[in-house]
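Shown next, in C-alpha cells, is the structure this report addresses.
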There are 2 protein chains.
Amino acid sequence: MTVHRSVANLRASSVACPHRADSRCEECKVRASSVCAALRSDELAELEAIAHQVSFAAKESLFLESDKARDVFNITSGVVRLYRLFRDGRRQVIGFSFPGDFLGVQLSTDHGFSADAVSDVSVCRFAKRDFEALLARKPLLMEALHGRAATIMRLMQDQVVSLGRRSAEERMAWFITQLRERTALGGAEGSVSIPMSRQDIADYLGLTIETVSRTLSALAKRGVISVEPGGVRVLKEGLIGELAAG
Amino acid sequence: MTVHRSVANLRASSVACPHRADSRCEECKVRASSVCAALRSDELAELEAIAHQVSFAAKESLFLESDKARDVFNITSGVVRLYRLFRDGRRQVIGFSFPGDFLGVQLSTDHGFSADAVSDVSVCRFAKRDFEALLARKPLLMEALHGRAATIMRLMQDQVVSLGRRSAEERMAWFITQLRERTALGGAEGSVSIPMSRQDIADYLGLTIETVSRTLSALAKRGVISVEPGGVRVLKEGLIGELAAG
DNA sequence: CGGTTACTTGAGATACGTCAAAACGAGTGG
DNA sequence: CCACTCGTTTTGACGTATCTCAAGTAACCG
C-alpha cells in the first residue's frame, strides 16, 4: 500500500466546501483544509518517502506516557484515545484522535500521555528527525500543522470549560455535538456513531460510567436523542445545541 | 521606556542555569530559555521596532472572547487571567499568564477566550501582521515560540486531568505547586505569592470560592501549608507534592 | 447456546455546592 | 488613633448532583 493513499485520506475539517455546499462532495471534503492541501504533489511525494505504514489492533498501544517521543503519527483510519493514568487507577482521557490527526508533533522530549487504539487503527509513522527536517523545508506544511494545533488547543479549552463548569447532561450534549462535527459522519438523519466505550466517554468527561449511561437514558427519555447500538441519533437538533453551549 | 527592556525581562522557565546552579544568578535566570535567548541582539532590535508598550490597570480587559485577534501580546509584568464566560454567569478560567508569556500567537481568527488583568499589567503589543512577518524570517524565534506552546499544552493537559479526576484538595495542591514553579518566586522558605482572588482560583479549578477557602484551611490545619496574607507558605514539601501528583 | 463483557438501572453515601452569617482587611474620614 | 464602610475571605448548616456499590439485562463470540 502506498503512503499516498493515506495522505490523501486526511480528514476534512469543518471548512466550507470550495465547490458548493453539497455534502456528497466527498473528494472535496477529504481535501479541504487538510494538511495535504498545503502541499503540491511533488511535496507529497517527499512526505511519502519518509513514511512507514503501520497498523494497530484495537486496544494496542501506540505509545506510553513514559516513552520517549521518537515518532510522529498521522492517523489514516480508526480512532485513538489519549489519556493519562494515575497510580491508583484513575484515568483521564485527554482527547480522541481521528483520521487525519497528527500525534507527537508538538512536544519535544516526551508526549505527556499514553495513546492506544480504540478500534483497529492504521497510521503513517514518521521518524521525528525526518519529519522535522521536512517541516523546516516546507513552511506551508508547518503552517498547516499550526492550524491543526490551534484546533486542538480550542478543543482542549472546551474540555476544560466542560469539566470545570458544566453538568453531566451538558457534558454529554457537548460530547455528542463535538463528535458529530469531528467525524462529519453524514450518516442518515442525525445519526452519530460512537466508536468508544462508555468507560472512555466517562474518563473523557470526568464522570463515571454509570452517570454517562443514566444521562444518555435521560436524554433519550426526553426525546432529545435515541440510543442506538454503536451510537446515538440526534432527534432535537436545537435542544442538544442549547445544552452543549452551556 | 524602550521595548528592549521589556523583551529582556522575559521570564525564565525551569531550565537549568548554564552558569551554575546559583539561584541568585538573576541575569542568567531571566535569559535562560526565554524567547529572547533565541535572538541575537540585532534581531531583538527588529522585535523592538514593531513593539508598542501598553499598560492595563487591574481588572481592565486586554481583549474579549468575541474580539477579532489582531494583536500579539508579550507580558512584561503583572498577571493576566484567561477565561470564558457563560450566558448564565458561570465562568471558567482557562489559565493565567505571567511575565514572559505570549498571548494571541496561536489562534488565527479569534482568541476563543477573554483576557484581563489580575494585577496592574504591562505588555508589549505587536500587530499580528508584523509579528507573523517577523516570525517567518526568524525560524529560531518560531522554534522558541513552539516550545512555549508545548509548555502551555502540557499545562492545559494537567488542568484537564485535575478537573476531571482530582479531588478539591488535590487540585489546590496542584495549583500551589504549579504556581510556585511558574513564578519561580524564590521568596523566603517555601512562600508562594498568590496574586489572584479566591474567585479566580475557584473558577480555574472548577470549584466554588467556599470550597477553595475550606480546602486551604484544611491543608493549613494539617500543617501542610500556612495561609498568609497575599499567599501561602508550603510547610510540608513532600506532602503537597504527593497530593499534587494525584 | 453458555460464558463473557458491556451496558443499564436502582438505592444509598458523599464530596462539593448553596445560602447565610460572621470575621477580616483595606481604605476613608473624623 | 479610632470608627465606619465596603469588599473579600472564612466558617457553618444544609441540600444535591454525582459517585459507589450491587444487581439485573443486553450484546457479543466462541
Side-chain angles (χ1 to χ4, degrees), chain A residues 57-59 79 81 86 88-93 118-120 162-176 193-222 225-232 243 246, chain B residues 57-59 81 86 88-93 118-120 162-176 193-222 225-233 243 246:
Chain A
K59 299 186 181 179
V79 179
R81 115 191 107 227
F86 294 27
D88 63 11
R90 282 179 289 180
R91 187 181 72 157
Q92 176 64 44
V93 171
V118 169
S119 57
D120 291 355
S162 290
L163 300 192
R165 286 287 176 244
R166 295 222 245 257
S167 69
E169 194 168 65
E170 289 169 332
R171 293 182 210 186
M172 269 310 313
W174 171 68
F175 178 73
I176 292 169
S193 116
I194 302 184
M196 59 288 284
S197 71
R198 297 292 133 109
Q199 187 63 62
D200 289 337
I201 300 172
D203 287 345
Y204 182 60
L205 297 178
L207 300 170
T208 58
I209 188 175
E210 294 95 332
T211 300
V212 167
S213 187
R214 270 190 260 271
T215 306
L216 283 172
S217 299
L219 285 171
K221 199 166 298 175
R222 285 214 272 143
I225 61 173
S226 73
V227 181
E228 300 175 348
V232 130
L243 284 171
Chain B
K59 298 186 181 181
R81 114 190 108 227
F86 293 28
D88 62 12
R90 283 179 287 180
R91 187 181 72 155
Q92 176 64 45
V93 171
V118 169
S119 57
D120 291 355
S162 291
L163 299 192
R165 286 288 176 243
R166 295 222 245 256
S167 69
E169 195 168 65
E170 290 169 331
R171 292 183 212 187
M172 270 310 313
W174 170 69
F175 178 73
I176 293 169
S193 115
I194 302 184
M196 60 289 285
S197 71
R198 298 292 132 112
Q199 187 63 63
D200 288 337
I201 299 172
D203 287 345
Y204 181 60
L205 298 179
L207 301 169
T208 59
I209 188 175
E210 293 95 332
T211 300
V212 167
S213 188
R214 270 189 261 270
T215 305
L216 283 173
S217 300
L219 285 172
K221 199 166 298 173
R222 286 215 271 144
I225 61 172
S226 74
V227 182
E228 300 176 347
V232 130
R233 180 179 303 269
L243 284 169

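The sequence lines fix the lettering, A, B, ..., with proteins before strands; numbering per chain opens at 1. For clarity, every value in this text was computed on a predicted model and none was experimentally measured.
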Could you work out, with side chain to side chain donor-acceptor pair (under 3.5 Å) as the rule, every residue matching Arg81(A), not counting sequence neighbours? Asp116(A), Asp200(A)
Between Arg90(B) and Asp203(B), does at least one N-O distance fall below 4.0 Å, as a salt bridge requires? no
NZ/NE/NH1/NH2 to OD/OE distance under 4.0 Å, Glu169(B) and Arg214(B): no
How many angstroms lie between CZ in Phe175(B) and CD1 in Ile201(B), if you round to the nearest 0.5 Å? 4.5 Å
Give the angle between the helix axes at the two ends of the helix from dC1(C)-dG30(D) to dG30(C)-dC1(D), taking five base pairs at each end and rounding to 10°. 40°
How many angstroms lie between atom CZ of Arg165(B) and atom CZ of Phe86(A), to the nearest 0.5 angstrom? 8.5 Å
For the OG atom of Ser167(A) and the CH2 atom of Trp174(A), what is their distance to the nearest 0.5 Å? 13.0 Å
The criterion is side chain to side chain contact (heavy atoms under 4.5 Å, CB included); which residues satisfy it with Thr211(B), sequence neighbours excluded? Ala168(B), Leu207(B), Thr208(B), Thr215(B)
For nucleotides 6-19 of chain C, read 5' to 3', which letter fits each nucleotide if B means a protein heavy atom sits under 4.0 Å from the base, S means only the sugar-phosphate is that close, and - means neither? -SBBBB----SSBB
Out of curiosity, Leu205(B) CG to Leu163(B) CG, how far, rounded to the nearest 0.5 Å? 7.0 Å
Span of DNA chain D in contact with chain B (heavy atoms, under 4.0 Å): dT9(D) to dA13(D)
Mind checking side chain to side chain contact (heavy atoms under 4.5 Å, CB included) for Ser217(A) and listing every partner two or more places apart, or none if nothing turns up? none
What's the separation between atom CD1 in Ile209(B) and atom CD in Gln199(B), rounded to the nearest 0.5 Å? 5.0 Å
